[in-house]
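Here the structure comes first, spelled out in structure tokens, and everything after it is commentary.
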Amino acid sequence: MAVPTGPPVVAVPAPVPSWGRRRVLLLNTTFEPLTALSLRRAVVLVVCGKAEVVHGDPAGLVVHSATSNVVVPSVIRLSSYVRVPYRGRVPLTRAGLMHRDRYRCAYCGGRAETIDHVVPRSRGGQHTWQNCVACCAKCNHRKADKMLAELGWRLRVVPNAPRGAHWRLLAGVVDTDPLWLPYLGEPAA
């Protein structure tokens with residue numbers, strides 16, 4: 001019996017479908033945005049009758065099961081009202097900061113890739129919304145641990161903490177669906 005001597009066979013995992021990472025906007029019965037859910041969780045809520053589809057997928061995709069078909073949702077609304085407890089300040093996250101600054105460098109206006117502390121932490125600066133800005137790698141490297149006055153630089157926009165209920169929701173979502181915009185209100189800048 002001969003043993004094959006060719007190259008080893010490597011199993012390649014199947015590609016993850018793009019809808020596997022897809023997010024769905026969940027609204028309260030009052031059309032107040034609550035959170036962004038995974039597509040799987042959203043479909044379960046719709047199938048169980050706990051939510052209804054407000055906007056389906058723009059491409060018209062449908063999820064099929066043995067007994068039913070469900071339109072892939074983009075926005076769903078709960079069937080019964082959920083009381084939302086008081087929400088304090090919006091937590092500072094990288095995704096939230098980039099979204100607030102629209103992925104633009106606070107110094108040159110180029111594409112932001114990093115986060116910079118306006119007053120460096122080595123000089124007593126805090127890690128707060130008012131002291132952190134989105135920054136391109138070139139400006140971040142040039143600034144290093146210097147103060148803006150030392151470089152003669154100015155901020156294009158004064159950084160502030162974002163306001164509004166939708167900021168908590170958008171901070172963790174990279175790609176928002178354009179169908180969400182009417183439910184999120186005006187973005188706070």
Which is it for His127 and Leu92 under the side-chain contact (heavy atoms from CB on, under 4.5 Å) test, yes or no, and what are the steps along the way? CA-CA 8 Å; His127 187 69; Leu92 175 60; 3.5 Å; yes
From CA spacing to verdict: side-chain hydrogen bond (donor to acceptor under 3.5 Å, both in side chains), Asp116, Tyr107: CA-CA 10 Å; Asp116 182 58; Tyr107 305 118; 2.5 Å; yes
From [atom1] ([X]) to [atom2] ([Y]), nearest 0.5 Å:
X	Y	atom1	atom2	value
Cys136	Arg142	SG	CZ	9.0 Å
His99	Thr93	NE2	OG1	10.5 Å
Leu78	Thr29	CG	OG1	7.5 Å
Leu27	Leu25	CG	CG	4.5 Å
Trp129	Asn160	CH2	CG	11.0 Å

Which heavy atom of [X] sits nearest a heavy atom of [Y], and at what distance?
X	Y	answer
Glu113	Ala137	OE1-N, 2.9 Å
Arg156	Arg104	NH1-CB, 4.3 Å
Gly124	Gln126	O-NE2, 3.5 Å
Arg23	Ala36	NH2-O, 2.8 Å
Ala112	Cys105	CB-N, 3.8 Å
Pro159	Gln130	CG-O, 3.2 Å

Go through the steps for Arg102 and Val157 under the test side-chain contact (heavy atoms from CB on, under 4.5 Å), then give the verdict. CA-CA 12 Å; Arg102 295 182 173 91; Val157 177; over 6 Å; no
Do you reckon Leu26 sits in the same ILVMFWY cluster as Val70, going by side-chain contacts under 4.5 Å, direct or chained?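 Looking at the clustering, Val70 is in the same group as Leu26.
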Is there a path of hydrophobic side-chain contacts, each under 4.5 Å between heavy atoms of I/L/V/M/F/W/Y residues, joining Leu34 to Val24?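 Result: yes, single cluster for both.
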Sorted by first residue and then second, give each salt bridge (Lys or Arg N to Asp or Glu O under 4.0 Å) pair with at least one member in residues 67-76; sequence neighbours left out.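 Matches after skipping sequence neighbours: none remain.
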Counting N and O atoms only, with roles assigned by atom type, does the side chain of Asn131 sit under 3.5 Å from a partner on the main chain of His117, one being a donor and the other an acceptor?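 Here the side-chain-to-backbone pair does not exist.
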List in chain and number order the residues that pass side chain to side chain contact (heavy atoms under 4.5 Å, CB included) with Leu151, two or more places apart in sequence or in another chain; answer none if no residue qualifies.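 By the side chain to side chain contact (heavy atoms under 4.5 Å, CB included) rule, Leu151 matches Lys143, Lys146, Trp153.
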For Asp145, which residues count as a side chain to side chain contact (heavy atoms under 4.5 Å, CB included) partner, sequence neighbours excluded?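 With sequence neighbours excluded, Asp145 shows a side chain to side chain contact (heavy atoms under 4.5 Å, CB included) to Pro120, Ser122, given in chain and number order.
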Could you list the residues that satisfy ring pair (Phe, Tyr, Trp, His ring centres under 6.0 Å) with His64, not counting sequence neighbours?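 For His64 there are no ring pair (Phe, Tyr, Trp, His ring centres under 6.0 Å) partners, ignoring immediate neighbours.
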Quick one: ring pair (Phe, Tyr, Trp, His ring centres under 6.0 Å) pairs with a partner in residues 25-53, sequence neighbours left out?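 Counting only pairs at least two positions apart or across chains, no ring pair (Phe, Tyr, Trp, His ring centres under 6.0 Å) contact touches residues 25-53.
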Of Thr114, Val118, Ile115, Leu97, the residue whose pairing with Cys135 passes side chain to side chain contact (heavy atoms under 4.5 Å, CB included):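 Only match with Cys135 under side chain to side chain contact (heavy atoms under 4.5 Å, CB included): Thr114.
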Please tabulate, one pair per line, all N/O donor-acceptor pairs under 3.5 Å involving side-chain atoms of residues 44-54, not counting sequence neighbours.
| from | atom 1 | to | atom 2 | distance (Å) |
| --- | --- | --- | --- | --- |
| Glu52 | OE2 | Arg77 | NE | 2.9 |
| Glu52 | OE2 | Arg77 | NH2 | 2.7 |

May I ask you to check whether over 12 heavy atoms, not counting those of Arg123, lie within 6.0 Å of atom CZ?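 Counting other residues, nucleotides and ligands, CZ of Arg123 exceeds 12 neighbours.
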